[in-house]
Amino acid sequence: MFEGLLSFGHAIAAFASPVNLLWAFGSCFVGVVIGALPGLTATMGLALMTTLTIKMPSSQALLVLVCTYVGAIYGGSRSAILLNIPGTPAPAAACLDGYALARKGLAGRAMGIATSGSVLGTLIGMFFLALFTPVLGNFALRFGAYEFFWLAVFGVVISGNLTGKDPLKGWIAGFAGLFIAGIGQESVHAFERFTFGNRDLAGGISLVPALVGAFGFAELLVVMKERRGTVKVNPFDSVIPRIADVVAHWRTILRSGVIGTFMGVVPGVGEDTAAWTSYAAAKRASKEKEAFGKGSVDGLMAAETGDNACVPGAVIPVLTLAVPGSAPAAVLLAAMLIHGVRPGPMIMVENPQFVYEVVAMMLFATLGILFYGLTLTKLLVQILRVPYQVIVPIIFVLTVVGAFAIAARLFDVWTMLAFGLIGFALRTYGYPMAPLVLGIVLGDLLEKNLRRGLILSDGSLEPFFTRPISAFMVAVIAIVVLARFRWFRAAMARLAALLPWRRAA
Amino acid sequence: MSIESSPDDRPSPRADLVSAVVWMALGGAIVYGSWTMDRLEHLGATVYTAPGLVPGALGAVIFALGALLGVRAVRQGALTPAGVSAVAADTAGRRRMGLALALMLVYAAGMLGHGVPFWLATFAFVAVFVAVFEYPMRKERGQVARGLFMAVLYGAATTFLVTVVFEQVFYVRLP
């Protein structure tokens, strides 16, 4: 415990230089702006910033990325309240009550609630990040090839199930991602698969250009397709958070913080699900259910606390299992690998200090959003008024340069373009992007551990189903999939009706 | 047997059927490619280390899920006239997106790496993009010349800032 606190103190001291603070606040600003601009997501911002920070020292680069991530999730609430358009999918829940408050002339108060919810949500998530990462890291040491194989399947299935509106399409996107990860030389014999003789493809699909394409380029095409007129911004009063709002809703803040963090830990689920789940829980617990959607402070506080608590939550599995908790966390994982950090079960053995460095980065990011929450609104309103025909080409130039920057080869630019077009087509047909990204990230984990497991068991599938942790994961995967079938739910309902206490009732 | 999806904002059953066919074709092609892939037995590879094992299994899953999606789409009326989306296509939006896509591809795939200097390609791309998409609004307000001037200004500023920031701050090589 004290060792952890000491490490945390060391990490804060290491980052507390003027240069690092400048990077932290600068990247938080970039994150808030990206998050506030409708159509541009945190994942896109992170993918872009990963390419820009490729030459920076690793700790500084990751500080920039964490601050961008937290800033982007927070920034989305600004446009949700001022324009009724969530800047990112995460604060969609905040639109309901945030915009309703704005229409009552309370936009400033709504932004203050969003700031306090986001700051406290990140702090709660940060607390759990510091507390549970070592515990989960030690537990993950029990994982072998069989468990890691199921973990990859689990991530794709859960992500497909909970993100997007159609789980079947989510699963297809996830398995397509797993396949894409296998293109190029395989790990055992360096045999080239599905490269069609292309030498550049032999090294595999580079993750970051693919992400920049799927999130950056594809999002720009969506933005250009959608008609966006002149932005009409609600007038706003004082944006300073009120202590009374925090004190009156402390239960909601705590509950949403815990829910948000937990949703973050579940692989591939992400901030938007965390926000909606927190919102739904707050509504269930509230005595004023009818106020939800009509400007409820409780609802806005729940949504904003939930989605920001999800950020540190999503980093927990990144650090302990090398499995991302959300789509932006997948980019963060890729960035860690690029910068030579090896997240995974061995992190608490090999590099425990890094865990506390990430917690310290979250703290700087929290200070950043608090600072911008109090000061940035008028500038942000001006940025929101910049027409899209000006923003889009500039961001496209950044995506091209960013994709090229990874390895200074044009093939990565073409990869970015190809994945942008694929991403756009998939969105058009209603396929979610998060499972696809998660699939690309987890593909290597799945393949290595399936083959390793089969070699260890001499071809027997038994250990994949009989080891306790594996068996548990198989059961969860089966229930998640089967619960989507009506006949299964009907059968479960019939079975539940036979229970003695239900019959008595 | 069907997997439910929430009804709002869904593509039409016909669109789902089309994408299901694409996934089945892709899954089938992956299975075929994996099955016919060299099994490297001469290098001592077993069935568990054969390169085609994992992609083949994933191809089979993609094929099966695609088939499930196809069956669901047919049950929802993909083959009936009602299965086509009644929502009018946003032709203006598509035109705008198509034009943007064309300009982006000309810049990223046509100019960069084909002898055009980065600064010139970037300046031309940003200036033309802004000028083209602002033209209707500028014309309506009688500010065409001002619009062109602003487009050139945006192009020059972007080129200058990107070049300086990337090369001097982030030490990144430009295409």
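Excluded from the calculations below are hydrogen atoms, water molecules and symmetry mates; all remaining heavy atoms, backbone and side chain alike, are included. Source: prediction; values computed, not measured. Numbered from 1 within each chain, the chains take letters A, B, ... in sequence-line order.
Of the residues considered (B:Val47, B:Ile62, B:Ile30, B:Leu43), B:Ile30 shows the highest number of contacts with chain A, using heavy-atom pairs under 4.5 Å. Comparing B:Arg173, B:Glu134, B:Met137 by heavy-atom pairs within less than 4.5 Å of chain A, the highest count is held by B:Glu134. Ranked by heavy-atom pairs under 4.5 Å with chain B, the list A:Phe396, A:Tyr431, A:Phe194 is led by A:Phe396. Ranked by heavy-atom pairs under 4.5 Å with chain A, the first of B:Ala100, B:Ala64, B:Ala108 is B:Ala108. Ranked by heavy-atom pairs shorter than 4.5 Å toward chain B, the options A:Val397, A:Val400, A:Val188 are led by A:Val397. Ranked by heavy-atom pairs shorter than 4.5 Å toward chain B, the options A:Phe217, A:Phe424, A:Tyr429, A:Trp414 are led by A:Tyr429. In terms of non-hydrogen atom pairs under 4.5 Å with chain B, the most contact-rich of A:Gln389, A:Glu192, A:Met56 is A:Gln389. Chosen from A:Leu446, A:Leu450, A:Val413, A:Leu417, the residue pairing most often with chain B at heavy-atom distances under 4.5 Å is A:Leu417. The candidate with the highest count of non-hydrogen atom pairs below 4.5 Å against chain B, out of A:Leu426, A:Thr51, A:Ile172, is A:Ile172. Interface check for chain A: of the options B:Asp16, B:Val61, B:Thr159, B:Thr49, the most heavy-atom pairs under 4.5 Å are formed by B:Thr49.
Using a 4.5 Å heavy-atom cutoff, the side chains of A:Pro57 and A:Gln60 are in contact. Within the 4.5 Å cutoff, the side chain of B:Met104 has heavy atoms near those of the B:Phe125 side chain. Residues B:Leu174 and A:Phe404 form no side-chain contact, since every pair of their non-hydrogen atoms from C-beta on lies 4.5 Å or further apart. Contact check for A:Arg451 versus B:Tyr48: no side-chain heavy atoms found under the 4.5 Å cut-off. Side-chain contact between A:Ile479 and A:Leu482 is absent, with no heavy-atom pair separated by less than 4.5 Å. By the 4.5 Å heavy-atom criterion applied to side chains, A:Leu220 and A:Tyr388 are not counted as neighbours. Looking at A:Ile440 and A:Ile205, their side chains never come closer than 4.5 Å, going by heavy atoms from C-beta outward. Side-chain contact check for B:Asp38 versus B:Pro51: every heavy-atom pair is 4.5 Å or farther apart.
Using a 4.5 Å cut-off between heavy atoms, B:Thr122 touches chain A through its side chain atoms alone. For chain A, the nearby parts of B:Leu69 are the backbone and the side chain; heavy atoms of each come within less than 4.5 Å. Both the backbone and the side chain of B:Val126 come within contact range of chain A, with heavy atoms under 4.5 Å apart. Contacts of A:Ala176 with chain B are made by both backbone and side-chain atoms, with heavy-atom separations under 4.5 Å. Of the two parts of B:Ser34, the backbone and the side chain both hold a non-hydrogen atom closer than 4.5 Å to a non-hydrogen atom of chain A. No part of B:Val165 comes within reach of chain A, as not one of its non-hydrogen atoms sits under 4.5 angstrom from that chain. In this structure, the portion of A:Leu410 lying under 4.5 Å from any heavy atom of chain B is its side chain and not its backbone. For A:Thr399, no part lies near chain B; criterion is any non-hydrogen pair under 4.5 Å. Heavy atoms of B:Val130 lying under 4.5 Å from chain A belong to its backbone as well as its side chain. For B:Leu112, the parts sitting under 4.5 Å from any heavy atom of chain A are the backbone and the side chain alike. Contact annotation for A:Leu421: only side-chain heavy atoms (C-beta onward) come within less than 4.5 Å of a heavy atom of chain B.
Judged purely by atom type and a 3.5 angstrom limit, B:Gln143 has no side-chain atom pairing as donor or acceptor with the backbone of B:Arg138. Counting only distance, with no hydrogens or angles, the side chain of A:Arg409 and the backbone of A:Ala405 share no donor-acceptor pair below 3.5 Å.
A salt bridge links A:Glu447 and A:Arg193; the closest N-O separation between the charged side-chain nitrogens and carboxylate oxygens is under 4.0 Å. Between B:Arg72 and A:Asp166 there is a salt bridge, with a side-chain nitrogen of the basic residue lying less than 4.0 Å from a carboxylate oxygen of the acidic one.
Relative ring orientation between A:Phe485 and A:Trp487 is described as tilted, the plane-to-plane angle lying within the 30° to 60° band.
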